[in-house]
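A short worksheet on the structure shown next.
Numbers for residues simply follow the sequence, beginning at 1. Side-chain atoms are counted along with the backbone in the values below, which use heavy atoms only and exclude waters and symmetry mates.
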Amino acid sequence: MKYWEIFVAFFIPGILGYGGGPASIPLVENEVVDRYGWMTVQEFSEVLALGNSLPGPIATKMAGYIGYDVGGVLGAFVGVFAAVAPSLIIMILLFGFLLKYKESPKVKRLTLYVRPVIAILLGVMAWSFFQESYVDIGFWQTAIIVVVSYLLLERVKWHPAFVIIGAFIYGGFFL
């Protein structure tokens with residue numbers, strides 16, 4: 001039964017997460033944290049940060065890690081397969097159709113309509129992470145991490161992986 005739950009937890013975001021990883025992350029969070037309770041928001045945010053610091057698609061890295069955490073090696077395999085299965089199925093079934101209409105103005109307009117929804121989902125997830133960290137580590141610790149991360153990313157133009165590693169080190173020594 002747990003393997004079926006792992007499959008569903010990553011297959012549904014794979015179907016509904018238009019645009020790949022960034023769009024599916026809030027959906028995965030809903031399944032993993034709220035629906036099945038495999039992780040807390042804090043644990044999920046740490047998995048997300050670690051996944052973002054590694055190369056490759058975020059959805060499959062998270063599916064592999066969470067699947068392994070819940071169901072071992074077979075759980076990792078099921079999670080990764082479930083994360084890629086919707087795209088795989090759609091590409092196989094609709095490949096000719098996609099080639100025919102990929103330059104259609106209606107398809108391009110649809111993409112423009114979906115982007116704000118993705119931005120809102122990511123904003124809600126970021127707000128949830130902020131609230132959770134505020135409760136867990138306090139206002140000043142959260143403010144320090146937010147301000148320093150912003151400065152390093154936007155002003156100094158550091159790579160996000162280095163900022164994430166720095167936040168891990170800060171959390172390990174001071175929290």
Heavy atoms of other groups near Phe168 CZ, more than 12 under 6.0 Å: yes
Test question: given the 4.5 Å side-chain rule for I, L, V, M, F, W and Y, name all other residues clustered with Val124, or answer none. Ile120
ILVMFWY cluster, Ile6 and Leu27 together (side-chain gap under 4.5 Å): yes
May I have the list of side-chain donor-acceptor pairs in residues 56-78 shorter than 3.5 Å, sequence neighbours left out?
from  : atom 1 : to    : atom 2 : distance (Å)
Thr60 : OG1    : Pro57 : O      : 3.0
Lys61 : NZ     : Gly51 : O      : 2.5
Lys61 : NZ     : Leu54 : O      : 2.5
Lys61 : NZ     : Gly56 : O      : 3.0

Rounded distance (nearest 0.5 Å) linking atom CD of Gln42 with atom OG of Ser45: 4.0 Å
Considering residues at least two apart in sequence or located in another chain, which fulfil the ring-ring contact (aromatic ring centres under 6.0 Å, His included) criterion with Trp140? none
Which pairs, with at least one residue in residues 109-130 and sequence neighbours excluded, count as a ring pair (Phe, Tyr, Trp, His ring centres under 6.0 Å)? Trp127-Phe130
About how many Å separate CG of Leu48 and CD1 of Ile25, when rounded to the nearest 0.5 Å? 5.0 Å
Among residues two or more places apart or on two chains, list those pairs meeting salt bridge (charged side-chain N to carboxylate O under 4.0 Å, His left out) that have a residue in residues 31-47. Glu31-Arg35
How close do Met125 and Pro26 get, counting heavy atoms only, and between which atoms? SD-N, 4.1 Å
Could you pull out the closest heavy-atom pair between Pro13 and Val8, with the gap in Å? CD-O, 4.0 Å
For the CD atom of Glu132 and the OG1 atom of Thr142, what is their distance to the nearest 0.5 Å? 10.5 Å
Closest approach of Ala82 and Pro86, non-hydrogen atoms and distance? O-CD, 3.1 Å
Test side chain to side chain contact (heavy atoms under 4.5 Å, CB included) applied to Ser87 - qualifying residues, sequence neighbours left out: none
Side-chain cluster (under 4.5 Å, hydrophobic types only) that Val117 belongs to, other residues: Leu121
Residues in side chain to side chain contact (heavy atoms under 4.5 Å, CB included) contact with Ile165, at least two apart in sequence or another chain: Ile169
For residues Val33 and Ile12: do they belong to one hydrophobic cluster (side chain heavy atoms under 4.5 Å, members Ile, Leu, Val, Met, Phe, Trp, Tyr)? yes
Quick one: list whatever passes side chain to side chain contact (heavy atoms under 4.5 Å, CB included) with Ala167, sequence neighbours left out. none
Cluster question for you: counting only ILVMFWY and a side-chain heavy-atom cut-off of under 4.5 Å, with indirect links fine, are Leu112 and Val114 together? no
Give the table of side-chain donor-acceptor pairs shorter than 3.5 Å for residues 145-161, with sequence neighbours excluded, one pair per line with atom names and distance.
from   : atom 1 : to     : atom 2 : distance (Å)
Ser149 : OG     : Ile145 : O      : 2.7
Lys157 : NZ     : Glu154 : O      : 3.2
His159 : ND1    : Ala161 : N      : 3.0

Between atom CG of Asn30 and atom OG of Ser24, what is the distance when rounded to the nearest 0.5 Å? 12.5 Å
Going by chain and number, the hydrophobic cluster around Ile92 (ILVMFWY, side chain to side chain under 4.5 Å) further includes Leu88
Between Phe81 and Phe10, is there a side-chain heavy-atom distance shorter than 4.5 Å? no
Co-membership, hydrophobic cluster, residues Leu50 and Phe162, 4.5 Å side-chain: no
Verify the cluster assignment for Leu122 and Val41: are they in a single hydrophobic cluster under the rule of side-chain heavy atoms below 4.5 Å apart? yes
Suppose the criterion is ring pair (Phe, Tyr, Trp, His ring centres under 6.0 Å): which pairs have a residue in residues 23-52, not counting sequence neighbours? Tyr36-Trp38
